[in-house]
Amino acid sequence: MTAAGHPPSAAWEDGLSWAARARWRLAEDAFEEAADEMPGDPRPALARAVCLLARGRVDAALVLLETDRRLDADDPLWGGRVRWLRACARLAGGDPLGAEQAAAGLSAVEVRRVKAAALLREGRFAEGVAALLDGRG
């Protein structure tokens, strides 16, 4: 069901089918169409951002993730997913500090994962591994 309580659109189902086959451009187009057909539902925008990231279009994904009104990071149901994907996009774009800032508000475990990924990406392997292990035992 969509945010409005309606079944997902055919475009949404097409997007899922294309994404399952790693046909990212076709999935992106379908999710863009689904976003028009499912107003207020953040799932098509999130799925489209994933497609953009899979295609290496990090800047376009970031613009979508940070400007689409449906992707409210304060939403109790979707906010964590939005923040997580923003952090992943920032990391993919080579912005570890931005990734850590985007992760603010996530669980301690998720924040630690983002921090570790940022450190590993910077080549700070000992610190990255330590960040992953922080809080264990």
Side-chain angles (χ1 to χ4, degrees):
M1 291 288 166
T2 65
H6 303 287
S9 73
W12 170 256
E13 299 295 335
D14 289 345
L16 293 176
S17 178
W18 289 123
R21 291 181 271 171
R23 301 291 305 269
W24 301 115
R25 177 62 195 182
L26 293 168
E28 178 190 340
D29 291 343
F31 290 133
E32 186 170 20
E33 182 180 336
D36 292 337
E37 296 172 359
M38 300 163 61
D41 191 327
R43 293 177 301 170
L46 282 170
R48 184 168 172 240
V50 169
C51 293
L52 288 165
L53 288 170
R55 293 180 58 222
R57 298 192 55 216
V58 175
D59 290 339
L62 281 168
V63 168
L64 176 63
L65 289 165
E66 295 179 355
T67 64
D68 192 298
R69 60 179 166 56
R70 292 168 289 214
L71 301 179
D72 180 4
D74 293 327
D75 181 280
L77 181 59
W78 297 101
R81 292 172 179 98
V82 171
R83 283 190 292 276
W84 177 254
L85 199 51
R86 285 178 182 167
C88 291
R90 287 280 171 192
L91 280 173
D95 181 8
L97 179 59
E100 289 186 55
Q101 291 169 340
L106 292 173
S107 73
V109 170
E110 291 169 321
V111 169
R112 191 167 46 250
R113 286 180 185 157
V114 170
K115 180 179 180 179
L119 290 166
L120 292 169
R121 186 170 186 97
E122 292 175 351
R124 298 166 59 187
F125 301 112
E127 293 169 272
V129 171
L132 283 173
L133 299 175
D134 185 35
R136 297 182 97 188

Approximate separation, where rounding is to 0.5 Å, of Arg57 CZ and Cys51 SG:
11.0 Å

Ignoring hydrogens and angles, tell me if any N or O in the side chain of Arg121 forms a donor-acceptor pair with the backbone of Pro96 under 3.5 Å.
no

To the nearest 0.5 Å, atom CD of Glu127 lies from atom NZ of Lys115 at 8.5 Å

Looking at every heavy atom in both Gly40 and Arg70, which two are closest together, and how far apart are they?
N-CD, 3.9 Å

Transitively linked via ILVMFWY side-chain contacts under 4.5 Å: Leu77 with Val50?
yes

Can you find a pair of side-chain heavy atoms, one from Leu119 and one from Glu122, that are under 4.5 Å apart?
yes

Which heavy atom of Leu64 sits nearest to which heavy atom of Ala45, and what is that distance?
CD2-O, 3.4 Å

Can you give me the closest heavy-atom contact between Leu132 and Arg112, atom names plus distance?
O-NE, 4.0 Å

Apply side chain to side chain contact (heavy atoms under 4.5 Å, CB included) to the pair Leu85 and Leu53, showing each step before the final yes or no.
CA-CA 10 Å; Leu85 199 51; Leu53 288 170; 3.9 Å; yes

When you measure from the centre of the six-membered ring of Trp18, is the NZ or CZ of Arg21 under 6.0 Å away and within 45° of the axis?
yes

For the pair Arg81 (side chain) and Leu46 (backbone), establish whether a donor and an acceptor sit closer than 3.5 Å, ignoring hydrogens and angles.
no

How many angstroms lie between atom CG of Asp14 and atom CG of Asp29, to the nearest 0.5 angstrom?
11.0 Å

Shortest non-hydrogen contact from Ala117 toward Leu91:
CB-CD1, 3.6 Å

Contacts satisfying ring-ring contact (aromatic ring centres under 6.0 Å, His included) that involve residues 26-79 (not counting sequence neighbours) are Trp12-Phe31

Residues passing the salt bridge (Lys or Arg N to Asp or Glu O under 4.0 Å) test with Arg55, sequence neighbours excluded, are Glu28

Give the minimum heavy-atom separation between Gly128 and Ala116, together with the two atoms involved.
O-CB, 3.5 Å

Enter the distance from Arg113:CZ to Ser107:OG here, rounded to the nearest 0.5 Å.
7.0 Å

Looking only at non-hydrogen atoms, find the nearest pair between Ala27 and Ala19 and report the distance.
CB-N, 3.6 Å

Can you list everything that forms a side-chain contact (heavy atoms from CB on, under 4.5 Å) with Arg90? Sequence neighbours excluded, please.
Leu62, Glu66, Asp95, Ala99

Any non-hydrogen side-chain atom of Val82 less than 4.5 Å from a side-chain atom of Asp72?
no

